[in-house]
Amino acid sequence: MKNNKIFDMVVCALFAAICCIFSIITIPIGMVPVSLGILAVVFTAVVLGPVKGLISVVVYLLLGLFLPLFSGGQTGLSTYANITGGYVWSYLIVVVVVGLICKIPTKNKALEIIVSILACAVGVVICYACGTIQFMAITKYDLNASLAACVIPFLPFDAIKCVIAGVVGPLLKIALRKSGYMK
């Protein structure tokens with residue numbers, strides 16, 4: 001394996017950029033928009049694992065303090081405290097958990113893809129939990145109303161995101177392994 005610190009920095013920066021670009025792509029459907037942010041975060045976790053993935057997400061979240069990189073062009077520290085802020089800061093937990101699950105050794109490519117899709121689903125559930133709890137705390141909506149606003153409408157979109165990240169991520173990882181850039 002090529003141990004190249006510059007390659008690692010470039011890859012982390014590239015995935016931070018992917019998070020930045022994907023997160024500003026949103027479809028407003030209510031108080032909580034559909035965002036591609038979670039797709040970028042779970043994809044990052046699948047490909048880079050928990051440590052490099054976390055570095056990439058931290059860079060993205062820090063850049064979002066100064067640039068309009070969060071869904072709907074939001075920026076600044078106040079983003080973490082608003083009704084959708086729980087989804088944003090949950091990315092720190094999501095990338096680590098998904099990255100750790102994807103490190104589970106698998107015997108073949110198909111099994112690696114299945115594990116990755118399931119890991120992404122776990123990550124989305126964590127994101128839903130953190131985001132919905134903060135949404136409830138700020139809006140004072142009950143659980144049913146919060147789930148109706150923050151989870152139910154997003155299930156089909158997020159299922160597709162899990163499949164995309166869970167399939168493409170391992171294939172990219174396999175290609176990087178073959179090229180000698182990853183274990």
Okay, side chain of [X], backbone of [Y]: is any donor-acceptor separation there less than 3.5 Å?
X      : Y      : answer
Thr79  : Gly76  : yes
Lys107 : Glu112 : no
Thr44  : Gly53  : no

Using a 4.5 Å cut-off between side-chain heavy atoms of Ile, Leu, Val, Met, Phe, Trp and Tyr, which other residues end up in the same hydrophobic cluster as Ile117? Ile113, Val163, Val167, Leu171
Residues joined to Ile133 in its hydrophobic cluster, side chain to side chain under 4.5 Å directly or through other members, sorted by chain and number, are none
If you compare all heavy atoms of [X] against all heavy atoms of [Y], which two are closest, and at what distance to 0.1 Å?
X     : Y      : result
Ser71 : Thr26  : CB-CG2, 3.2 Å
Thr75 : Leu67  : OG1-O, 2.8 Å
Asp8  : Lys52  : OD1-NZ, 3.2 Å
Pro50 : Leu100 : CG-CD2, 3.7 Å
Val47 : Phe15  : CG1-CZ, 3.7 Å
Leu62 : Phe66  : O-CD1, 3.4 Å

Please enumerate all residues that pass side-chain contact (heavy atoms from CB on, under 4.5 Å) together with [X], with sequence neighbours excluded.
X      : value
Val10  : Ile6
Ile152 : Leu155
Ala165 : Leu39, Val42, Phe43, Cys120
Cys20  : Tyr60, Leu63, Leu69

Between Gln134 and Asn82, do the side chains contain an N or O donor and an N or O acceptor separated by less than 3.5 Å? no
The residue among Tyr87, Trp89, Tyr80 that forms ring-ring contact (aromatic ring centres under 6.0 Å, His included) with Phe70 is Tyr80
What distance separates [X] [atom1] from [Y] [atom2], expressed to the nearest 0.5 Å?
X      : Y      : atom1 : atom2 : value
Lys161 : Phe22  : NZ    : CZ    : 11.0 Å
Leu92  : Cys130 : CG    : SG    : 9.5 Å
Gln74  : Thr84  : CD    : OG1   : 4.5 Å
Phe7   : Cys12  : CZ    : SG    : 9.5 Å
Tyr141 : Thr132 : OH    : OG1   : 13.0 Å

Let's go through Ile174 and Lys109 carefully: what are the C-alpha distance in whole Å and the side-chain angles of both, what is the deciding distance for side-chain contact (heavy atoms from CB on, under 4.5 Å) to 0.1 Å, and is it a yes or a no? CA-CA 8 Å; Ile174 289 166; Lys109 184 176 11 178; 3.5 Å; yes
Would you kindly confirm whether [X] and [Y] end up in one hydrophobic cluster when ILVMFWY residues are joined by side chain heavy atoms under 4.5 Å apart?
X      : Y     : answer
Leu176 : Met9  : no
Phe157 : Val94 : yes
Tyr91  : Val59 : yes
Ile104 : Val98 : yes

Any side-chain heavy atom of [X] within less than 4.5 Å of one from [Y]?
X      : Y      : answer
Ile101 : Val122 : yes
Leu48  : Ser56  : yes
Pro68  : Ile24  : no

Which of Val34, Ile38, Val125 passes side-chain contact (heavy atoms from CB on, under 4.5 Å) with Asp158? Answer is Ile38
Pair Tyr128, Cys150 - check side-chain contact (heavy atoms from CB on, under 4.5 Å), show working. CA-CA 7 Å; Tyr128 283 161; Cys150 301; over 6 Å; no
Does the side-chain contact (heavy atoms from CB on, under 4.5 Å) test come out yes or no for Ser23 and Leu36, once each step is laid out? CA-CA 5 Å; Ser23 292; Leu36 294 183; over 6 Å; no
How far apart are the C-alpha atoms of Ile25 and Ser35, what are their side-chain angles, what is the distance that settles it, and do they pass the side-chain contact (heavy atoms from CB on, under 4.5 Å) test? CA-CA 6 Å; Ile25 300 171; Ser35 165; over 6 Å; no
